[in-house]
Amino acid sequence: MNAPKVGFVSLGCPKALVDSEQILTQLRAEGYLISASYDDADMVVVNTCGFIDSAVQESLDAIGEALAENGKVIVTGCLGAKGDGDLIRGVHPKVLAVTGPHAKDEVMTQIHTHLPKPHDPFVDLVPAAGIKLTPKHYAYVKISEGCNHRCTFCIIPSMRGDLVSRPVHEVLREAENLVKSGVKELLVISQDTSAYGVDVKYKTGFHEGRPVKTRMTELAVELGKLGVWTRLHYVYPYPHVDEIIPLMAEGKVLPYLDIPFQHASQRILKLMKRPASSANVLARIKAWREICPDLVIRSTFIVGFPGETEAEFQELLDFLDEAQLDRVGCFTYSPVEGATANDLPDHVPADVAEERKQRFMEKQAAISAARLQARVGREMTVLVDEIDEEGAVARSYADAPEIDGLVYFDPSADVKVGDFVKVRITDADEHDLWAEQI
């Protein structure tokens, strides 16, 4: 008897990707096969994103394509949480079922209903690390779901709920299994990594008979013992982030922080309901770099937020000059349906917001280029992501996959994808580095 085949489309952020991996792992554990094409699949699962308008449209288009090409479609993910699925059903009434995000059990229930599979003890096996959608040498580790913040531009808590931290022993066991399977880089993700354990009052868990607090610092210490790169994403600048910097200076975790500052104006931050003060942030960045000079900071900002004046935007540009951040993403404010910021007065015209974004990115491009130029001549360890006819494409500790820069070099014949290689940086532009193997 042929095992039923499920096609899978995964959209959205790394947190959604982990949701997809968990569903795929369960499918393989139960003996379902995963199909790479619509026509070969008995059913398709589409994991959607619903954060901004363009992502909503991309998700709706993907559902439509799956329906047209296959016909049997189950939808999951953040878009499914909007109006309890009514938004999706309104556009695509033929979908078999709609669930929200991190809903593995509900998705599997629907798959069992519409595509049952008899149990086969000889086939229903799965590797300990689970099914991954990333290359073999790096993996995302999701440590919590949801968020306790109520930022006025964001609807994620309404889709993913309040913070729920995973038990620390579960996270560490998953990380160990990944390292045993050959993973060289663990990317720690959540909506708010700094808040890990707040919901359970940082309770003490046990890993291999040892007590470990459910808290970001203790988690970072434990992950730092695994002998691979550990990269922290989505870190709010709470006071206890200061505890992580010495671990970075000691080489326990990568000296890389992904902190979404969002703005520099005190008034705009207050309107956004963001817990930060730019003066305090600048002082802390200075202190962090004194402890760990190699620290790389990536951030994101929103320009054109309702009420943002030219003077407040200038404050943001001045902040960039002072902070000298390494990597920065910038978005113009998008009036996401359901976000409370939509009710604020004095919305900034789209053309003004776009023009501010251009000025912002020009300034940051010069800063990023100068910071990369300072690496020329340095020796660095890089992780090889790809080898093609033009050479090796790698990343340094300063570069997260998909969002940061790359390091290009001509590899020796024995270099393979997933290897750590020592290189000397020979050239740089505003995004990427070029190097020679040592």
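Positions are given from 1 along the sequence. Model, not experiment: these values are computed from the prediction.
- Counting heavy atoms from C-beta on, the side chains of Ile74 and Val95 never come closer than 4.5 Å.
- A donor-acceptor contact shorter than 3.5 Å is absent between the side chain of Thr332 and the backbone of Gly304.
- Within the 3.5 Å criterion, the main-chain N or O of Gly50 finds a donor-acceptor partner in the side chain of Lys82.
- In this structure the side chain of Tyr196 never reaches within 4.5 angstrom of the side chain of Leu163, judged on heavy atoms.
- Asn342 contributes a side-chain N or O that, together with a main-chain N or O of Ala339, makes up a donor-acceptor pair within less than 3.5 Å.
- Side-chain contact between Thr99 and Val75: absent, with no pair of heavy atoms (C-beta onward) separated by less than 4.5 Å.
- For the atom pair CD (Glu386) and CG (Leu406), the distance works out to 8.5 Å, reported to the nearest 0.5 Å.
- With contacts defined as side-chain heavy-atom distances shorter than 4.5 Å, the pair Gln437/Asp410 does not qualify.
- Shown here for Leu271 and Pro306, the closest heavy-atom pair between the two residues is CD1-O, 4.0 Å.
- Under a 4.0 Å N-O distance rule, the pair Lys203/Glu218 does not qualify as a salt bridge.
- Closest non-hydrogen pair, Cys49 versus Gly12, comes out as CB-CA, 3.7 Å.
- Between the side chain of Asp388 and the backbone N or O of Gly391, at least one donor-acceptor pair lies under 3.5 Å.
- Residue pairs meeting the salt bridge (Lys or Arg N to Asp or Glu O under 4.0 Å) criterion with at least one member in residues 237-256, sequence neighbours excluded, are Arg215-Glu243, Asp242-Arg284, Glu250-Lys252.
- Under the salt bridge (Lys or Arg N to Asp or Glu O under 4.0 Å) criterion, no residue pair touches residues 254-265, with sequence neighbours excluded.
- Residues that satisfy the ring pair (Phe, Tyr, Trp, His ring centres under 6.0 Å) test with His431, not counting sequence neighbours, are absent from this structure.
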For this session: With side chain to side chain contact (heavy atoms under 4.5 Å, CB included) as the test, would you mind laying out the steps for Leu186 and Leu223 before giving the verdict?
Result: CA-CA 9 Å; Leu186 300 169; Leu223 292 174; 4.2 Å; yes
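- Counting heavy atoms from C-beta outward, Val384 and Val393 have side chains that stay 4.5 Å or more apart.
- Distance alone, capped at 3.5 Å, places no donor-acceptor pair between the His137 side chain and the Val417 backbone.
- With sequence neighbours left out, Thr193 forms a side chain to side chain donor-acceptor pair (under 3.5 Å) with Ser190.
- Within 6.0 Å of CD in Glu337 there are 12 or fewer heavy atoms belonging to other residues, nucleotides or ligands.
- The side-chain contact (heavy atoms from CB on, under 4.5 Å) test applied to Arg289 returns Ile285, Ile297, Gln324, Asp326, Arg371, not counting sequence neighbours.
- In this structure, the separation between CD on Glu436 and CD on Glu379 is 9.5 Å, given to the nearest 0.5 Å.
- Formation of a donor-acceptor pair under 3.5 Å by the Tyr397 side chain with backbone atoms of Asp294 is found in this model.
- Rounding to the nearest 0.5 angstrom, the gap separating the OG atom in Ser10 from the CD1 atom in Ile23 is 8.5 Å.
- Ring centroid separation for the pair Trp229 and Phe420 comes in under the 6.0 Å cut-off.
- Considering only residues two or more places apart in sequence or on other chains, Gln314 meets the side-chain contact (heavy atoms from CB on, under 4.5 Å) condition with Leu317, Asp318, Arg359.
- Counted by atom type alone, Glu315 and His263 present zero donor-acceptor pairs between their side chains at under 3.5 Å.
- Ion pair Arg298/Asp404 flagged as a salt bridge, since at least one NZ, NE, NH1 or NH2 atom sits closer than 4.0 Å to an Asp/Glu carboxylate oxygen.
- For the 3.5 Å distance criterion, the side chains of Ser54 and Gln57 fail to qualify, holding no donor opposite an acceptor.
- What you find for Val98 and Gly85 is that their closest heavy atoms are CG1-CA, 3.7 Å.
- Under the 3.5 Å distance criterion, with hydrogens and angles disregarded, no donor-acceptor pair is assigned to the side chains of Ser165 and Ser144.
- Of all non-hydrogen atoms in Ala435 and Val407, the two that sit nearest each other are CB-CG1, 3.9 Å.
- In this model, no donor atom of one side chain and acceptor atom of the other lie less than 3.5 Å apart for Thr152 and Thr340.
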Problem set entry | side chain to side chain contact (heavy atoms under 4.5 Å, CB included) between Gln373 and Asp429, intermediate numbers included | CA-CA 7 Å; Gln373 199 62 43; Asp429 64 15; over 6 Å; no
Problem set entry | Trace of the side chain to side chain contact (heavy atoms under 4.5 Å, CB included) decision for Ile189 with Ile143 | CA-CA 6 Å; Ile189 58 166; Ile143 62 172; over 6 Å; no
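- Looking only at atom types and distance, the side chain of Tyr238 has a donor-acceptor partner in the side chain of Asp192 under 3.5 Å away.
- For the residue pair Ser20 and Asn47, a side-chain donor N or O sits within less than 3.5 Å of a side-chain acceptor on the partner.
- Distance CG/Leu79 to CD1/Ile63: 6.0 Å, rounded to 0.5 Å.
- For the side-chain hydrogen bond (donor to acceptor under 3.5 Å, both in side chains) with His207, the qualifying choice from His169, Glu176, Glu170 is Glu176, the only one to do so.
- Heavy-atom minimum distance, Val45 versus Val6: CG2-CG1, 3.9 Å.
- The shortest side-chain heavy-atom distance between Arg274 and Tyr236 falls under the 4.5 Å cut-off.
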For this session: Run the numbers on Asp199 and Asp162 for side chain to side chain contact (heavy atoms under 4.5 Å, CB included), then give the verdict.
Result: CA-CA 9 Å; Asp199 55 314; Asp162 285 341; over 6 Å; no
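- In this structure the side chain of Val107 never reaches within 4.5 angstrom of the side chain of Asp19, judged on heavy atoms.
- Side-chain contact between Ser194 and Val241 is present, with heavy atoms from C-beta onward closer than 4.5 Å.
- Listed here is the closest heavy atom pair of Tyr38 and Ala62: OH-O, 4.4 Å.
- Geometric assessment of Lys15 against the ring of Tyr234 yields a positive cation-pi assignment under the 6.0 Å and 45° thresholds.
- Using the six-membered ring where Trp is involved, Tyr202 and His240 have ring planes that are perpendicular, over 60° apart on the 30 and 60° scheme.
- Between Glu185 and Arg395 there is a salt bridge, since a side-chain N of the basic residue sits under 4.0 Å from a carboxylate O of the acidic one.
- Using modelled atom types, one side-chain atom of Ser158 and one backbone atom of Ile155 make a donor-acceptor pair closer than 3.5 Å.
- Counting non-hydrogen atoms of neighbouring residues, nucleotides and ligands closer than 6.0 angstrom, the CD atom of Glu310 exceeds 12 such neighbours.
- Within the model, atoms CG of Asp105 and CD of Gln22 stand 10.0 Å from one another, a figure rounded to the nearest 0.5 Å.
- Taken to the nearest 0.5 Å, the CZ atom of Phe409 stands 12.5 Å off from the CG atom of Leu433.
- Residue-environment remark: NZ (Lys270) stays at or below the threshold of 12 foreign heavy atoms within 6.0 Å.
- The ring-ring contact (aromatic ring centres under 6.0 Å, His included) with Tyr333 is formed by just one residue from the set Phe301, Phe313, Phe305, Phe153; it is Phe305.
- Salt bridge annotation for Arg210-Glu222: present, with a cationic side-chain nitrogen under 4.0 angstrom from a carboxylate oxygen.
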